[in-house]
Amino acid sequence: MARPALARVDLDALRHNYRLAKRLAPGARAVAVVKANAYGHGAVAVARALAAEADAFGVACIEEALELRAAGVANPVLLLEGVFEASELALAAEQRLWVVVHCAEQLQWITQARLAAPLQVWLKMDSGMHRVGFAPTDYRAAHAALAASPNVESLVLMTHYARADETACAATARQREVFEAATAGLAGARCANNSAGIMAWPAADAWIRPGMMLYGASPLDVEDGRDLQPVMTLSSALISVRDLAAGEPVGYGGGFVTPQAMRIGVVAMGYGDGYPRNAPAGTPVMVGGRRTRLVGRVSMDMLTLDLGGLDSPRVGDPVELWGRHVRLAEVAAACATIPYELVTRMPARVPRRYEGSTGP
Ligand SMILES: *Cc1c(COP(=O)(O)O)cnc(C)c1O
């Protein structure tokens with residue numbers, strides 16, 4: 001038997017979520033964000049599955065864009081942080097990539113470059129997150145300099161929210177006001193919303209930038225009734241079932257000690273497969289269609305479960321670590337992190353299996 005650890009990726013669910021994002025922003029075009037290997041789902045497979053309908057793809061760097069181009073993905077691709085050095089601009093122009101400009105250095109690289117073709121530039125404003133982007137007071141001058149450059153084909157006005165996931169927080173509305181005031185009267189389409197913005201702070205911008213919601217997890221701090229469908233199912237199987245007496249330690253460190261006689265299941269899944277090592281006892285897991293809980297410390301290749309209350313569990317029984325039944329967000333919350341981190345750090349060791357029709 002092959003090792004059963006597996007990440008199944010449902011491409012129909014992916015397309016469903018993309019369409020949901022588009023419906024939440026009627027009339028807007030969408031940059032489907034596929035950076036970081038499509039949040040661990042496989043950038044090429046995800047981009048191919050969305051190629052017929054995505055208005056553009058978003059990546060973090062030119063290497064990620066070139067991977068898509070090499071796979072035959074012809075859609076526009078936006079470099080979300082722009083280029084990291086001037087020498088990348090020629091390649092960006094040749095590959096018809098769109099570039100963010102977020103600082104004076106990038107602006108100078110573009111205006112001083114000799115390019116075979118002009119670029120579409122997304123000019124980023126720091127409206128309050130204070131990570132990257134031009135200050136509102138510097139924005140108009142940057143816009144004018146780019147608008148006057150023969151290397152710039154068109155300009156999109158862009159910003160990014162720091163706290164859009166916090167649905168009761170006033171910071172997003174404040175950032176919006178700053179963005180609108182500082183772009184009033186400027187030519188160019190606007191783009192502000194990531195997944196959280198699309199779901200909680202709808203706006204009439206020409207563009208949206210959905211990332212996490214495409215993969216089926218809500219970034220919001222409240223339960224959301226909208227029908228996001230989980231795209232990745234991380235699964236494996238029981239490789240051992242054992243009955244322990246009361247008072248026996250389980251796993252490294254002996255941190256979990258059986259409070260009474262217990263049946264323990266061992267699963268072929270560990271932190272070497274991307275399952276978080278800091279998952280505490282009680283983290284939900286599904287075995288043979290029943291929810292149960294993790295016990296004992298997660299090791300590199302194995303983890304242990306409480307099989308109490310399950311009818312005759314057996315070696316080979318399927319285990320869902322996250323997916324349709326155990327939501328990624330639940331596991332992330334139990335581990336004091338966010339769904340983004342869990343899927344993004346999924347290692348290559350776990351085979352990805354793509355399901356769903358791959359056509360449009
Ligand atoms: C990653 C990223 C996104 C997507 O964010 P989600 O929260 O995953 O929707 C949008 N815009 C920029 C600039 C990003 O870097």
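Note: hydrogens, waters and symmetry copies are ignored here, and every other heavy atom, side chains too, is used. Ligands are counted one by one from 1 in listed order, and the atoms in each one are counted from 1 as well.
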With a sphere of 6.0 Å drawn around CZ of Arg226, does it hold more than 12 non-hydrogen atoms of other residues, nucleotides or ligands?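 Counting other residues, nucleotides and ligands, CZ of Arg226 exceeds 12 neighbours.
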Compute whether any side-chain donor of one residue and acceptor of the other, for Asp306 and Thr292, lie under 3.5 angstrom apart.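 Judged by distance alone, the side chains do not pair up.
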Between CD1 on residue Ile264 and CZ on residue Phe256, distance to nearest 0.5 Å: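 Here the interatomic distance stands at 5.5 Å.
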Rounded distance [0.5 Å steps], CG in Leu321 versus OG in Ser235: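 One finds 7.5 Å between CG of Leu321 and OG of Ser235.
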Could you go through the side chain to side chain donor-acceptor pair (under 3.5 Å) check for Trp122 and Gln120 one step at a time? CA-CA 7 Å; Trp122 291 47; Gln120 179 167 138; 2.9 Å; yes
Using a 4.5 Å cut-off on heavy atoms from C-beta on, say whether the side chain of Pro276 contacts that of Leu342.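 Yes, their side chains come closer than 4.5 Å.
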Contact residues of ligand 1 (heavy atom under 4.0 Å), by chain and number: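 Heavy-atom contacts below 4.0 Å: Val33, Lys35, Tyr39, Leu80, Met158, His160, Asn194, Ser195, Arg209, Pro210, Gly211, Met212, Tyr340.
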